[in-house]
A.B. asks: 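What follows is a structure written as structure tokens; I'll ask about it next.
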Amino acid sequence: MNAEQSSGHSTQHEPETYDIAATERKWQPVWEELQPFRADDDSPREKRYALTMFPYPSGDLHMGHAEVFALHDVMARYWWQRGYEVLNPMGFDSFGLPAENAAIRNDEHPDTYTRANIARSIESCRTYAASFDWTRTFNTSDPDYYRWTQWLFLKFHERGLAYRKNSAVNWCPQDQTVLANEQVVGGVCDRCGAEVTKKELTQWYFKITDYAQELLDGLDDLAATWPDRVVTAQRNWIGRSEGAHVDFALHTVGGDRHVTVYTTRPDTLYGATFMVIAADAALAAEVVHPDRAQALADYLVEVRKASDIDRLATDRPKTGVDLGITATNPVTGEEIPVWASDYVLADYGTGAIMAVPAHDQRDLDFAREMGLPVRRVIDTGEDDPEETYVATTGNGTYVRSGELDGLTDKAAGIRTIIERLEAEGRGTGAVNYRLRDWLLSRQRYWGAPIPIVHCPEHGEVAVPEDQLPVTLPMLRGADLKPRGTSPLGGATEWVDTTCPTCGGPATRDTDTMDTFVDSSWYMFRFCSPHDTDRAFDPEKVDAWMPCHLYVGGVEHAVLHLLYGRFFTKVLNDMGLVGFREPWSAQLNQGFVINQGKKMSKSLGNGVNLGEQLETFGVDAVRLTLVFAGPPEDDIDWANMSPEGSVRFLQRAWRLSGDVTSDPGTDPASGDPALRRTTARALHDASALVESYRFNVMVAKVMELVNATRKAIDSGCGPADPAVREAVEAVAVMLSLVAPYTAEEMWHRLGHEPTVARAGWPAVDESLLVEDTVTAVVQVRGKVKARLEVTPDISEADLEAAALADPGVQRALDGGEVRKVVVRAPKLVNIVV
RNA sequence: GCGCCCGUAGCCCAACGGCAGAGGCACACGGCUUAGGUCCGUGACAGUGUGAGUUCGAAUCUCACCGGGCGCACCA
């Protein structure tokens, strides 16, 4: 569809043709003028905060953006129509690697690329008619924003929640920077897919583990309004387990010492026949017998060669070295050998385990490999693991377990052992989490500098708040090339500074923050985006938040969504916000795919959004995406029909030209049947939007359009007030999905812009009550008759009517009626 | 290996335990048209992946299996 074609084909039969391109051009400037979606902090209306994950500014929008913005916009626009004051902001997560890499390639500054892309993105969004409040926009790479990112870092630092430690960290050789655990998926870099290696480095961390239990508990409430998969992913990621810390006496050459292990099965302590220490834990090197030190060192070399991918392979044979020392099993008093292996992780639990080969498959595999003893202490009725090499983990009767012998209850066994250990001072019940602290420093340029100065005298010194922001030095092109250390280190003038405490020479921290830090608090900033005195205005934040709906991709299930929750809890502890969860409800959209596969350059199956918009228009593309199916489902563009969407929009548009009654006509005297259809459509559409069934909502509008067409052509006629009522309802409902068409319809109906703020028509409840209802009569569950009855018919009357029906009588065929189930006024089922 | 979600017409998808079809695409036929479809109308097409069970009644609840998708997975 384009303008030339339509005007060229105007005929006396179709004098009016809907010119999509012209309509888009017509209303855009009008909306710019009206600014119908500017959120007013002081509005007396009830507030709604509709947030969609702000994007990295990649330039033109693509199909994925188009989908999420279309879905999100349905809810934002619906809330406006229902009379809420809606905050629907948009900004850009504009720090990050793509801009930096582009700057290296093009020998420029990342900001140049970033700003150009942001301008294009905003333009695309405006054409797309997303109902964002552009007066609140910001970019996380602007000093006005990252100054507050730095301020928050300092607040965390004050509270001991930002700290530095040395440890083996994830290193992406491609991006030349460290990564948080959350950014490593299956051993590869989440961003670039390169195989992640380990590196021993001193890095900054946020102490998210302090909030592990609360992050977990909060999910119980969110489970009702968040997608299951996100809640599950976060639960898994936090990975709470219950068990015990058990102390073992370790006999080393240098003397005895205690080592604590973490176990979820303290009840199997009698079956612990050896101990394993993580090979890369400092402890292993400390306790190893001198004769075995070389073997351990050799082994470590081997271990470090193995990539995460190798390490994650579950069928990988167990390896390890005997440390040449023994430990005392605290309940049996036995001396058991101590080994080092890479199947024990240094940074989980205590980095050391008690091995119970009979009841843990990993320990059994290791015992088998090394020829270590296996002792069954729970008889589950299955074959002995010692013979089958299959560890038994189920319930059974304790054997060879001292005071536990004869017990059959696992919980009781665990309780008994913990009580004994606690009484003897050899252990205690313990809870452990899989969640690790959040590694936030990055060795790249395009991020917020960490506002810390390192002083030879005073160590880590916070940059005073009044000296924020610590702005990035001007580096460009080759200066930004990754060298394994932060590019900021090369800016010596910037690095060399004075200690805020003593005034002596000192150096700035040269790492920048993970961009996930920027996005962990942006939802607060939107509430007072131009505040120059503070990160956000607590009063405004409490007025708008928590967000009533957060729409975005499920790929952030444990990254952004966990970090943002963590920040919110800390800010609440600091007294800056009045709530502990930032997003009350969440919706994940699916992907737009093509021909069954993810769109990609290599497959050559990409769909260009710009071309689709050019060909079908903004409204039709939006409509297609919303109508395609449930929002969470993937959309295969190859199965979609934007042509059909165009046709429907024209069909709807045409209705607006057929209405002959005047604006403001009282619909009360209108055709009752059409009025009921309209009322029903509005009523159903509300419920459907509120439950995110946007595709079904669109179907309801289509139904109303069809009914109205019929009423005009072969029913009450175009002059009937019910027709105007119906078409106006179509325009308002359509404004959630197809804003241009809806506006044009509204205009043709004789109204002033904008339909987007016209308000949801009030539904006359009496019109929702049907005069008659079709009652179904079943015999043996099969439909045998339909009766038109009043909605308030009594069960007895309905039963009598059903039994009197000739068709039913025939079906009964004289058989004996054993039971009659009546569900007035809809159904009767006769059991013979 | 463990857990979760999903299988309805040629296709995309609807259906408080109660008439399997709301809507759309594609298709066929008719109308309007010099013609076309971006118009109007009509129609055909599934018995709900398979097998059991619960129930007066199952697409819907339960179990098993088949097929597809997702998450977790050496975390002691």
A.B. asks: Starting from P on B:C40, measure out to CZ on A:F648 and report it in whole angstrom.
C.D. replies: 12 Å
A.B. asks: Would you kindly give the CZ-to-P distance between A:F616 and B:C25, to the nearest whole Å?
C.D. replies: 13 Å
A.B. asks: Quick one: which of B:G18, B:C19, B:A76 gets closest to the side chain of A:V821?
C.D. replies: B:G18
A.B. asks: So is A:K318 actually on top of A:Y343's ring, under 6.0 Å and inside 45° of the axis?
C.D. replies: yes
A.B. asks: Do A:Y299 and A:T319 have side-chain N/O donor and acceptor atoms under 3.5 Å apart?
C.D. replies: yes
A.B. asks: Looking at A:D684 and A:R680, does any basic side-chain N land under 4.0 Å from a carboxylate oxygen?
C.D. replies: yes
A.B. asks: Is B:G1 paired to anything, Watson-Crick or G-U wobble with both distances less than 3.5 Å, and if yes, which nucleotide?
C.D. replies: B:C72
A.B. asks: In whole Å, what separates the C1' atom of B:G10 from that of B:C5?
C.D. replies: 26 Å
A.B. asks: Among B:G23, B:A76, B:C25, which is the nearest nucleotide to the side chain of A:E703?
C.D. replies: B:G23
A.B. asks: Across all strands, who's sitting opposite B:G36 as a Watson-Crick or G-U wobble pair, both distances under 3.5 Å?
C.D. replies: none
A.B. asks: Expressed in whole Å, how much space separates the P atoms belonging to B:U34 and B:U42?
C.D. replies: 24 Å
A.B. asks: Just compare B:C39, B:A76, B:A22 and give me whichever is closest to any side-chain atom of A:A699.
C.D. replies: B:A22
A.B. asks: With a 3.5 Å cut-off and no angle check, do the side chains of A:K198 and A:N170 form a donor-acceptor pair?
C.D. replies: yes
A.B. asks: With respect to the side chain of A:T264, which nucleotide from B:U42, B:G18, B:A76 is positioned closest?
C.D. replies: B:A76
A.B. asks: Atom CD of A:Q234 to atom P of B:C72: distance rounded to whole Å?
C.D. replies: 12 Å
A.B. asks: Which is more 5' along RNA chain B, the nucleotide nearest A:W237 or the one nearest A:K700? Just name the residue.
C.D. replies: A:K700
A.B. asks: Check every atom of B:C74, B:A76, B:G23 against the side chain of A:D342 and return the nucleotide holding the closest atom.
C.D. replies: B:C74
A.B. asks: Find which nucleotide of RNA chain B each of A:T774 and A:D713 is nearest to by heavy atoms, and output the residue with the more 5' nucleotide.
C.D. replies: A:T774
A.B. asks: Check every strand shown and say whether A:Q778 touches a base, only sugar-phosphate, or nothing at a heavy-atom separation below 4.0 Å.
C.D. replies: base
A.B. asks: So if I take every side-chain heavy atom of A:R434 and compare against B:A73, B:A76, B:A26, which nucleotide ends up nearest?
C.D. replies: B:A73
A.B. asks: For B:C40, take OP1 and OP2 only and decide whether either is under 4.0 Å from a side-chain N or O of A:R651.
C.D. replies: yes
A.B. asks: Using the side-chain heavy atoms of A:R709, tell me which of these nucleotides is nearest: B:G41, B:A76, B:C56.
C.D. replies: B:G41
A.B. asks: Between B:C25 and B:A20, how far apart are the two P atoms, rounded to whole Å?
C.D. replies: 26 Å
A.B. asks: Which of these nucleotides, B:C74, B:C25, B:G18, is closest to any side-chain atom of A:S641?
C.D. replies: B:C25
A.B. asks: Using a strict threshold of under 4.0 Å (side-chain N to carboxylate O), is an ion pair present between A:E302 and A:R304?
C.D. replies: no
A.B. asks: Let's test this: given Watson-Crick or G-U wobble pairing with both distances under 3.5 Å, identify the partner of B:G7.
C.D. replies: B:C66
A.B. asks: Can you check the A:R647 CZ to B:G23 P distance for me, whole Å?
C.D. replies: 16 Å
A.B. asks: Is a side-chain donor or acceptor of A:D634 paired with a backbone partner of A:F591 at a separation under 3.5 angstrom?
C.D. replies: yes
A.B. asks: If only side-chain N and O atoms of A:N706 are considered, is one of them under 4.0 Å from the OP1 or OP2 phosphate oxygen of B:G24?
C.D. replies: yes
A.B. asks: Does A:T232 reach a base, just sugar-phosphate, or nothing at all? Heavy atoms under 4.0 Å.
C.D. replies: nothing
A.B. asks: Roughly, in whole Å, what's the span from CG in A:L345 to P in B:A73?
C.D. replies: 11 Å
A.B. asks: Determine: side-chain N/O of A:S241 to OP1/OP2 of B:A76, distance under 4.0 Å, yes or no.
C.D. replies: yes
A.B. asks: Which residues pass the side-chain hydrogen bond (donor to acceptor under 3.5 Å, both in side chains) test with A:D713, not counting sequence neighbours?
C.D. replies: A:R709
A.B. asks: Going by an N to O cut-off under 4.0 Å, is there a salt bridge joining A:K410 and A:D267?
C.D. replies: no
A.B. asks: Output the rounded distance in Å from CH2 (A:W653) to P (B:C39).
C.D. replies: 12 Å
A.B. asks: Regarding A:V344, tell me which of base, sugar-phosphate or nothing describes its non-hydrogen contacts under 4.0 Å with the strands shown.
C.D. replies: base
A.B. asks: Taking only the P atom of each, what is the distance from B:U38 to B:C45 in whole angstrom?
C.D. replies: 27 Å
A.B. asks: Which nucleotide, if any, forms a Watson-Crick or G-U wobble pair with B:G43, using both distances under 3.5 Å?
C.D. replies: B:C27
A.B. asks: Do the side chains of A:D228 and A:R235 get close enough for a salt bridge, i.e. N-O under 4.0 angstrom?
C.D. replies: no
A.B. asks: Taking OP1 and OP2 of B:G71, is either one under 4.0 Å from a side-chain nitrogen or oxygen of A:R229?
C.D. replies: no
A.B. asks: For B:A15 versus B:A59, give the span between their P atoms, rounded off to a whole number of Å.
C.D. replies: 15 Å
A.B. asks: Could you measure between the two P atoms, the one in B:G1 and the one in B:A9, and give it in whole Å?
C.D. replies: 30 Å
A.B. asks: In this structure, how many angstroms lie between the P atom of B:C19 and the CD atom of A:E788, rounded?
C.D. replies: 15 Å
A.B. asks: Below 6.0 angstrom between ring centroids: does that apply to A:F627 and A:F694?
C.D. replies: no
A.B. asks: Would you classify B:G41 as syn or anti? Syn applies when the glycosidic angle is within 90° of 0.
C.D. replies: anti
A.B. asks: Write down the distance separating the C1' atoms in B:C56 and B:C61, rounded off to the nearest Å.
C.D. replies: 16 Å
A.B. asks: For nucleotides B:G3 and B:U8, find the distance between their C1' atoms and express it as a whole number of Å.
C.D. replies: 26 Å
A.B. asks: Within this structure, what is the CG-to-C1' distance between A:D658 and B:C40, rounded to whole angstrom?
C.D. replies: 12 Å
A.B. asks: Report which part of the nucleic acid A:R436 touches: base, sugar-phosphate, or nothing (heavy-atom distance under 4.0 Å, all strands).
C.D. replies: base
A.B. asks: Quick one: what's the B/S/- string for nucleotides 11-16 of chain B, heavy-atom cutoff under 4.0 Å, read 5' to 3'?
C.D. replies: SSSSS-
A.B. asks: Tell me what A:D228 touches on the nucleic acid: a base, only sugar-phosphate, or nothing, going by heavy atoms under 4.0 Å.
C.D. replies: nothing
A.B. asks: If pairing requires Watson-Crick or G-U wobble contacts with both distances under 3.5 Å, which nucleotide is the partner of B:G18?
C.D. replies: B:C56
A.B. asks: Does B:C40 have OP1 or OP2 sitting under 4.0 Å from an N or O in the side chain of A:R654?
C.D. replies: yes
A.B. asks: Can we say A:R316 and A:D342 salt-bridge, meaning some charged N sits less than 4.0 Å from an Asp/Glu carboxylate O?
C.D. replies: yes
